[in-house]
Each structure stands twice: as structure tokens, then as C-alpha cells.
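Remember, it's 1-based here, ligands and their atoms both numbered in the order they're listed. The residues of the chain are indexed from 1 along the displayed sequence.
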Amino acid sequence: MKGSDFGNDFLWGVAIAAQQNEGAYNIDGRGLSIWDVFARKQGKIKNGDKPSHACDFYHRYKDDILLAKALGFKVFRFSISWTRILPEGTGRVNKAGIAFYHKVIDECLELGMIPFVTLYHWDLPYELEKEGGWTSHLMLKWFSRFVTVCAHEYGDKVKNWIVLNEPMGFTTLGYMIGKHAPGRLGIDNFLPAVHNAAMAQAEGGRIIRTEVKDAYIGTCFSCSEIMPYSDKEADVKAANRMDILLNRLFIEPSLGLGYPHEEGFNLTDRIHLHNKAWKYTERMKFDFDFIGIQNYFALTVKHNPIIPYIQASEVSAIKRKVPHTAFGWEINADSFYKMVKRFSAYEGVKDVIITEGGAFFKDHLVNGVVNDAERIQYFQDYLEALLRAKGEGVKVKGYFAWTLMDNFEWAEGFKVRFGLVHVDFKTQLRTIKNSGYWFRKLMNS
Ligand code: NOJ
């Protein structure tokens, strides 16, 4: 496999996110996000880690963007911290926050890199969470204001926009099972959060379309192939329920198909009843120029009546003794290929970008070298699978590696490392891992 096999206009990118990288949590007027507050609660984040300083991208952005450039990436994907722009989530605009992203964007442009801006990568302003956060019907209004401010400020320079990062991820983890910020639990939080996110996804797209000339607009979906543990009917049905939840819940409304519905699956009934979905089908739809696909694992599930609604649970890759990352996530490039084919086959999907792809393996920094051979193999296999899909006609426009450097991995803290560049969080020293060098060689070939 050579880089040129993907075509000369292929967008090789690298992605980061504000909360995971910036640090500087209380500098230049930034307000607190739900993650700043969540991390202060006992037992929520592994080892009591906090995102307060992270990789200090806020002060080191010049060097870090230069590093991405030196590795050979054309695209720099980053997110805008809502609380830097609007510290209270709405109302007053913070000039210093606005200025910071101008500097980041200018740096990219000066280096000839294409900025891809994510509007929401999970760092909701805490002030809005106090008012209900994603469960509040006011969310649409708050989000629209944030998007409008960003579009006005940066729309002349930034043409590539991503509205939401993995809405399934932040609604399920943050509002259903409470593992992520803001740590809310239960169906009564989940249902409105889903609906407000599905609405915000489309509304954000419409705002960018109106405000930014020549914009290229997308939104990012997580996805996983779901396989039944056995061919027993109960397991097959359990896999189908999981598939609806993890794979269909957000892409289908965005395409004008409304929420997925399955006879006998009470969660989908609840979604429909709660959100009177038929009323909103048109408003949840937006004609995205591309969809972002983020596939981190395949899942095998079996029927489990104890689990509310979904009545399914995972049979882990470790237990099944299949290849997995240090997170226990199943490595399965063929299943990635299938998900790319499946998502791109939906009517109405235009371009596809793999807006994140990467893996956590236990890295060892020895004499200034991180020989992360497993990560290299992972990228090799996944990119070959992508090339296969591309060869079969899928309009794959780019691949963005997750992530430039080790960062704050949400509830897992700093020990779970996904970077192409190793970060020593005490000294902030960056060391390019072998996977970073491998990427550079590939993209140049
Ligand atoms: C997807 C999320 O967008 C990103 O923030 C996270 O770090 C990766 N998954 C890895 O878990």
C-alpha cells in the first residue's frame, strides 16, 4: 500500500479535541465545562486525573500544528471550546476565546494546512448543564447561538465544518449510563438528550450553510458492526437492538428517515412517543456534504434480560480470544470495511471521511523511542480495508488519524494513549512514536 494509492487529492488528516488537548482551563476568561466539573468528583476519572492542563495545546499550539505539518498531514481537525467563546454558554462573548481560535486557524493556514473545525466535541458549558444541558428544549437555541458566533467569526477562513462529534457517544455515555460527563443516568435523561442532539445536528448544518459561503459541512457518527454471539433467535434479536441504538439512531434522522423503529423493541417506541418523532422528521434532516465515520471496535452481543430496554450485553473480545487493543476493543479491519460500505450506501450520503481512526496500545518510551508496532499494524490493516472500499466506489475523501498526541482520554484519564506522538504529562515533552514516522512515510509514498 502506498499513500498515492488513495489519490492525490486524498485528505490525510490528524484530529484533536479542545477538552482533551488544550488545558488552560481557567485562562483568558474560559468558563467551566461539564468535564471540568465532572473530573472533580471522586471516582469519576481513572487515577483522579483532571483535564485542567492536558497537553497544554493552548500555549503550545504553534509547535503542535507544526508537528502535524512535519508529519506530513494536510488537514488539522480540532474543536472549538464553547466555554472559551461563551463562558456562560450563552449571552456574553469572550474576546480572548475568539482570538485564540483565530490564532489556531491562522497558524494552520500559514503552514498550508486545511482546518476542519468541530463545533461540539463533548465539552458543554457547565452553566448550561445547570439548566438541563442536552435534556433541555432550550438546547437548540443555545447551540444555534454558539454556532452562529463561530460561523460569523471564522467563516471567512474556515470552510470545513463538523457539527457534532459522535452524538450517540455523548448521549449514551453522558445521559444514559452516567460514565461520562455530566454523569446523568436513565431513560428520562437519555430520550430528550437524543432528540435535542438530533435536532442540533441538523440545525447546526443549516446555520453554517446560511452563514458560510462555500462551506463543506459534515457531522461525525460512531459505528460498530454488531455480531450475535450465537445464531439463537434471542441473540440475533439482541444484536439487532444494539445495532439500532449504536448505528442507526443518529444517521437515519439526519437523512430524513426519522428515528429507526422496530416492532417489539420498547426503546424505539419510547423514543417515538417521547419525541413525537413524526412531527420533527423534516427538522432533523440536513443535506450534509459529507459524513464522518468513526469506527473503533466491532461488538459481539448476546441476549441479556437484566439490561433495561436493550436487553443485550457484550461478550468481550478478551473472553472470545480475538485480537483486541489494550482497551479490550476488538480489532477487525474487515468489519470496519463493512461499516464504511454500509454507511456510504444510505441514499443521500454524499462524501465519506474517516474523521477518526486509531487505537490504544501500551506504549513504552525507551531511550527516546516508542516502538508502537501494534499501532502501525492496526493502521496498515485499517487503511488497506479503506482502500478496498474506495476501490469499490465508496467516495472516501479522507482519513484523519486519532490522534496527534496522547491526551485526556475522558473517563480513562491520561494512561490511555492514542497519540502518534508521545506526551510526558509532567514535562510536556513530545516524542514522535514510530507510528508517527510510519504515517509520514506512507503519506509521502
Ligand atoms: C472518539 C472520540 O471522539 C474521541 O474523543 C476519543 O478520544 C476516541 N473516540 C477514543 O476513545
- Item | Asp56/Arg60 ion pair, N-O < 4.0 Å | yes
- Name the residues in contact with ligand 1, where contact means a heavy atom under 4.0 Å away: which are they? Gln20, His121, Trp122, Asn165, Glu166, Gln294, Tyr296, Trp329, Glu356, Trp402, Glu409, Trp410, Phe418
- Item | Geometric cation-pi criterion Arg206 and Phe286, 6.0 Å radius, 45° cone | no
- Hey, would you say the Tyr382 and Phe336 ring centroids sit under 6.0 Å apart? yes
- Between Trp122 and Trp410, does the ring centroid distance fall short of 6.0 Å? yes
- State plainly whether the residues Asp363 and Lys433 are in salt-bridge range, i.e. N to O under 4.0 Å. yes
- Task: Answer yes or no: is there an ion pair linking Asp287 with Lys350, defined by an N-O contact shorter than 4.0 Å?
- Result: yes
